[in-house]
There are 2 protein chains.
Amino acid sequence: MEYTINKLGHLAGISTRTLRYYDEIGILKPARVNSSGYRIYGPKEVDCLQQILFYRELGVSLDQIKNIVTDPAFDGAKALREHREKLLEKRQQLDLLIANVDKTIAHTEGRITMSNEEKFEGFKQKMIEDNEKKYGQEIRQKYGTETVEKANAKVKNMTQEQYDEVTALTEQLTETLAEAFKTGNPAGEQAQNAADLHKRWLTYYWDHYSKEAHAGLAQMYVDDERFKAYYDKEQPGTAEFLRDAILIYTGMKR
Amino acid sequence: MEYTINKLGHLAGISTRTLRYYDEIGILKPARVNSSGYRIYGPKEVDCLQQILFYRELGVSLDQIKNIVTDPAFDGAKALREHREKLLEKRQQLDLLIANVDKTIAHTEGRITMSNEEKFEGFKQKMIEDNEKKYGQEIRQKYGTETVEKANAKVKNMTQEQYDEVTALTEQLTETLAEAFKTGNPAGEQAQNAADLHKRWLTYYWDHYSKEAHAGLAQMYVDDERFKAYYDKEQPGTAEFLRDAILIYTGMKR
DNA sequence: AATTGACTTTGACGTTACGTAAAGGTGTAT
DNA sequence: ATACACCTTTACGTAACGTCAAAGTCAATT
């Protein structure tokens with residue numbers, strides 16, 4: 001497959017000017033130029049452009065991108081896995097912003113109070129991107145738990161009391177699950193405790209409880225990215241672990 | 001609460017230069033300047049800055065933001081609801097990109113084939129942001145259904161055949177559900193058809209089917225933003241409608 | 001009372017990642 | 001042969017700041 005500059009631009013959704021610029025700064029040279037000076041791109045360039053766009057999407061400067069993709073030791077597969085992780089982080093940030101909007105709406109309606117600090121939660125992503133280690137783990141964890149809060153609360157018209165309870169439950173579940181995960185045994189006491197907490201957490205959202213539905217949801221946690229990403233955030237494999245624990249808890253597996 | 005330029009910058013995670021620039025272009029003037037020319041910001045400015053940052057996050061130019069926030073008819077509450085919607089759209093886009101990475105990884109490992117078009121799926125958001133009407137509905141719908149595909153396929157190691165089947169089922173469900181929604185009757189034939197399609201769709205993901213789990217999932221569709229946003233995308237209220245249809249279908253309600 | 005150091009001010013020029021013409025050559029379909 | 005949709009380079013424009021520089025302000029400490 002060979003592409004002229006217009007075709008490639010169309011394929012990737014970017015302008016021809018951008019492609020010429022990328023050529024100019026040496027970030028993406030065409031495979032060859034034909035007899036009349038036209039830029040011709042091949043499959044290798046298509047893949048490289050894709051990589052470039054991933055980096056660009058993640059806020060990396062073209063200067064840095066150049067260093068990365070022209071590095072002879074560049075590992076495309078590894079880069080893709082990093083992209084994946086960064087994109088998941090970005091989604092967490094987005095969730096935080098959405099939670100912020102929700103809170104702000106509730107605030108304007110007088111339903112809750114909101115500190116000025118809270119009003120800017122989720123905007124500091126660049127600070128986080130820039131120097132992740134500066135604040136490091138603590139902020140990550142804080143943001144993590146708050147992302148959940150958002151997904152949970154407000155959805156149902158809970159009372160403040162119910163909200164506090166479910167928040168506490170969530171924290172407890174997170175802790176217990178992390179502990180249990182370390183044991184590696186989904187049938188163990190810790191894991192079964194986590195499954196029980198999960199059931200209690202569920203009953204805040206479901207009007208009726210059934211083992212089948214519980215087990216089904218556990219499977220969803222593994223199958224659906226949106227959930228899996230959340231549970232696997234701290235420790236990859238946690239989603240599967242929770243599923244197994246719940247399957248055992250509900251008697252669907254032993 | 002009064003803030004100097006440094007304090008406000010710190011609060012919002014932006015530089016003092018940015019705040020001076022926003023003053024310069026008339027987008028955010030300080031509440032007052034003190035006797036020695038220092039900019040002093042009050043609570044009103046804090047809220048306005050939050051709005052500005054939301055718009056900025058969504059890719060709106062400062063020029064446009066100026067028009068919006070300085071408009072005497074500016075409705076802050078309405079703006080917040082729009083922010084919310086746009087942020088949800090942005091998350092859909094992100095999901096698409098994540099699906100793209102996943103696919104690309106699978107592709108480099110030789111597990112699936114991937115067209116060049118697919119390699120750039122999810123990157124065209126700016127085209128969408130810029131001129132939404134240019135391509136309008138069609139692209140929206142296309143991206144919408146593709147967002148699902150992502151959530152579904154690849155997660156399980158489906159064969160190409162299974163993948164095609166589930167894709168077809170998804171489309172069928174979407175159409176039938178949209179038709180049914182128009183009737184307004186979750187007990188009607190159309191709606192029950194949709195519920196049945198949903199069951200068949202489910203069986204691709206769950207090893208066992210139970211009415212309880214099905215009904216539970218339906219409730220989740222309403223309670224969890226991540227799902228609700230997807231079903232309500234075209235027609236608000238669709239998530240609730242689908243839940244009701246399924247509750248009737250499973251005999252949990254009549 | 002003087003000094004230090006962290007803050008503030010207004011210029012003003014620099015930067016990134018392109019957009020937008022301008023002036024001209026190329027390819028092919030009518 | 002001419003229309004039209006491509007392509008080229010050159011070059012200036014732009015948005016949203018970053019980054020000095022030179023100078024005034026404020027509170028605390030010597």
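Residue numbers start from 1 in every chain, and the chains themselves are labelled A, B, ... in the order their sequence lines are given, proteins ahead of strands.
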Output the distance between atom [atom1] ([X]) and atom [atom2] ([Y]), rounded to the nearest 0.5 Å.
X      : Y      : atom1 : atom2 : value
B:T104 : B:M114 : OG1   : CE    : 3.5 Å
A:K86  : A:Y55  : NZ    : OH    : 9.0 Å
A:S115 : B:M1   : OG    : CE    : 10.5 Å
B:Q93  : B:F123 : CD    : CZ    : 10.5 Å
B:H107 : B:D102 : NE2   : CG    : 14.5 Å

Is B:T16 touching bases, backbone alone, or none of the nucleic acid, heavy atoms closer than 4.0 Å?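 Touches nothing.
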A correct dot-bracket answer for DNA chain C, with pairs being Watson-Crick or G-U at under 3.5 Å, [ ] for crossing pairs and | for inter-strand pairs, is .|||||||||||||||||||||||||||||
With nearest nucleotide decided by heavy atoms, which residue, A:V60 or A:S35, maps closer to the 5′ end of DNA chain C?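 Mapping each residue to its closest nucleotide by heavy atoms, the 5'-most match is A:V60.
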Are [X] and [N] close enough that a side-chain N or O sits under 4.0 Å from OP1 or OP2?
X     : N      : value
B:R39 : C:dT10 : yes
A:T18 : C:dA17 : no
B:T4  : C:dC7  : no

Report the distance from atom [atom1] of [X] to atom [atom2] of [N], rounded to the nearest whole Å.
X     : N      : atom1 : atom2 : value
A:Y38 : C:dG25 : OH    : C1'   : 7 Å
A:I5  : C:dG27 : CD1   : P     : 16 Å
A:L53 : C:dA17 : CG    : C1'   : 13 Å
A:I40 : C:dG27 : CD1   : P     : 10 Å
A:L28 : C:dA17 : CG    : P     : 15 Å
B:N34 : D:dC26 : CG    : C1'   : 11 Å
A:Y21 : C:dT15 : OH    : P     : 12 Å
B:R17 : C:dG14 : CZ    : P     : 14 Å

Please list every donor-acceptor pair under 3.5 Å in which a side-chain atom of residues 74-81 of chain B meets a protein atom from a residue at least two apart or in another chain.
unit_1 : atom_1 : unit_2 : atom_2 : d
B:D75  : OD1    : B:A77  : N      : 3.2
B:D75  : OD1    : B:K78  : N      : 3.2

Measuring from the side chain of B:R20 (C-beta onward, heavy atoms only), which nucleotide among C:dT8, C:dA17, C:dG19 has the closest atom?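 Per side-chain heavy atoms of B:R20, the pick is C:dT8.
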Selection from D:dC6, C:dC18, C:dC7 that lies nearest to any side-chain heavy atom of B:N6: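 Nucleotide nearest to B:N6's side chain: C:dC7.
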Please check if any side-chain donor atom of A:N100 sits under 3.5 Å from a side-chain acceptor atom of B:Q50, or the reverse.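 There is such a pair between these side chains.
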